[in-house]
Structure formats: structure tokens, C-alpha cells
Amino acid sequence: MLGGYISDLEAGDVFEPVEYVVTPFICSEYAHGVEENCEWFHSAETPAGRQIRPPTMIHVDKMRILEKNCLKEQRVSGAKGPHARIHYEYHARHHSPAFVGERLIVSGRITDKYVKRGRTYIDYALEVRTADGRLVTTYTDKTLLKYEKEAGND
């Protein structure tokens, strides 16, 4: 269910998309944060003559889409949710670069939710496109939610 906590999400939930413009600051600060020193992410000194968004920023896109769709768990804006989670497994495929100045649209859905050995998992599928429709990144993610003991298993 959208609008609640991340743990309220169910298979089949479709996220309301997030749109933003790639800025030089977003690119360089993210690159600094992940200790990426390639000049392509810090300036326009690239073969294309334009600064490039680091491909791993899909992880920030996931946070953006969760922030917009899980209103009771606004972690980016500082509120704390009641549930811990582990970014367990992911796969990102980068189809084309995104450049500073481009408007990106992040969309996605929950593809599965299940319990395995007392732990709840949520699977995501996200897609990033430019405003003109060019595919930038496809992404799948498996997130492990907070462990909950079963009744009688203390």
C-alpha cells in the first residue's frame, strides 16, 4: 500500500513517478560521497563536452521514489521510520548516460513481497528515463525488512 511505511508496500504497487533536473552540484557531491574521482562526474571535461551523472545515482533515485510514495517514512527529510531495512541485493543496467541539465523521470513498482525464514523481503523494479523518453537505467532491488520473531519463538 502506497502512502504508509515501506513495510506497507505490496506486490503490484506502482509508484508515483519522481522528476528532477540533473545539476552539476548533485553530480559532483554524489561523486565525492562515493569517492568517485573521475573528472566526468565533476565537470564538463568529458568526450561529450557535458558533465555526466554517476550511474550509481540510481540508489538516490530509489530513495527519492520511496520518499514520495511512503509518506510515513520520510528518511530523506529527516523523519525516522519504525523499521530498519537492508539493501540486500541489486542489479543496475545502464543504457545511456544522463547529463547535467536533463530532466529525469524515475518510475517503478513492487514486483514481489514474501517471507523467508521469518524475514520479509520486498523486490523493486525501477526505471530512469529522460523527459524525451530515452532509457537511462533499469534497476532491480531486493530489500530485507526488519526481522520479526514469530509468536512462540523467543
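Reckoned from all heavy atoms, side chains included, excluding hydrogens, waters and symmetry mates.
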Check your understanding: Is the closest side-chain donor-acceptor distance between Arg134 and Ser96 under 3.5 Å?
Key ->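 Per modelled atom types, Arg134 and Ser96 side chains form a pair under 3.5 Å.
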Review point. Can a donor-acceptor pair be found between the side chains of Thr56 and Tyr30 at a distance below 3.5 Å?
Key: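 Yes, Tyr30 and Thr56 have a side-chain donor paired with an acceptor closer than 3.5 Å.
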Point to revise | Sequence neighbours excluded, every pair satisfying side chain to side chain donor-acceptor pair (under 3.5 Å) that has a member inside residues 46-55 | key: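 Residue pairs passing side chain to side chain donor-acceptor pair (under 3.5 Å), neighbours aside: Tyr20-Arg53, Arg53-Asp61.
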Reported [atom1]-to-[atom2] distance for the pair [X] and [Y], which is rounded to 0.5 angstrom:
X      : Y      : atom1 : atom2 : value
Arg129 : Leu135 : CZ    : CG    : 4.5 Å
His94  : Met57  : NE2   : CE    : 12.0 Å
Ile110 : Leu9   : CD1   : CG    : 4.5 Å
Thr140 : Arg93  : OG1   : CZ    : 9.5 Å
Asp123 : Thr111 : CG    : OG1   : 4.5 Å
Leu126 : Leu66  : CG    : CG    : 8.0 Å

Could you pull out the closest heavy-atom pair between [X] and [Y], with the gap in Å?
X      : Y      : value
Arg64  : Ile26  : NH2-CD1, 3.8 Å
Leu144 : Arg119 : CD1-CB, 3.4 Å
Glu36  : Phe41  : CG-CD1, 3.3 Å
Ile52  : Cys27  : O-SG, 3.8 Å
Ile105 : Pro17  : CG2-CB, 4.1 Å
Thr120 : Lys113 : CG2-CE, 3.7 Å

Check your understanding: Judged by atom type as modelled, is there a donor-acceptor pair below 3.5 Å linking the side chain of Asp8 to the main-chain atoms of Met1?
Key ->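 Side chain of Asp8 to backbone of Met1, a donor-acceptor pair under 3.5 Å: no, none is there.
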Exercise for review: Taking Asn69 for its side chain and Ile65 for its backbone only, find out whether a donor-acceptor pair lies under 3.5 Å.
Suggested key: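 Present.
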Check your understanding: Are Val128 and Trp40 linked, directly or through other ILVMFWY residues, by side chains that come within less than 4.5 angstrom of each other?
Key ->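 No, no single cluster joins them.
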Check your understanding: Listed by chain and number, what are the ring pair (Phe, Tyr, Trp, His ring centres under 6.0 Å) partners of Phe99, not counting sequence neighbours?
Key -> none
**Study point:** By ring pair (Phe, Tyr, Trp, His ring centres under 6.0 Å) - contacts of His95 (at least two apart)
**Key:**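 In terms of ring pair (Phe, Tyr, Trp, His ring centres under 6.0 Å), with neighbours along the sequence ignored, His95 is linked to no residue.
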Review point. What do the steps show when you test Leu104 against Val22 for side chain to side chain contact (heavy atoms under 4.5 Å, CB included), and what is the final call?
Key: CA-CA 7 Å; Leu104 299 183; Val22 180; 3.5 Å; yes
Check your understanding: Is the Tyr114 ring parallel, tilted or perpendicular to the Tyr121 ring (thresholds 30°, 60°)?
Key ->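 Ring orientation, 0 to 90° scale: parallel.
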Point to revise | Plane angle bin for Phe15 and Tyr124 - parallel if under 30°, tilted between 30 and 60°, otherwise perpendicular | key: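 Tyr124 and Phe15: parallel rings.
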Check your understanding: Are there more than 12 heavy atoms of other residues, nucleotides or ligands under 6.0 Å from atom CD of Glu45?
Key ->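 Not more than 12 within 6.0 Å, no.
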**Study point:** Residues Lys62 and Asp141 bridged, charged N to O under 4.0 Å
**Key:** yes
Check your understanding: Hey, are the side chains of His59 and Tyr139 touching, using non-hydrogen atoms and a 4.5 Å cut-off?
Key ->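 His59 reaches Tyr139 side chain to side chain.
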Exercise for review: List the steps and the verdict of side chain to side chain contact (heavy atoms under 4.5 Å, CB included) for Cys70 and Leu2.
Suggested key: CA-CA 6 Å; Cys70 299; Leu2 299 176; 5.8 Å; no
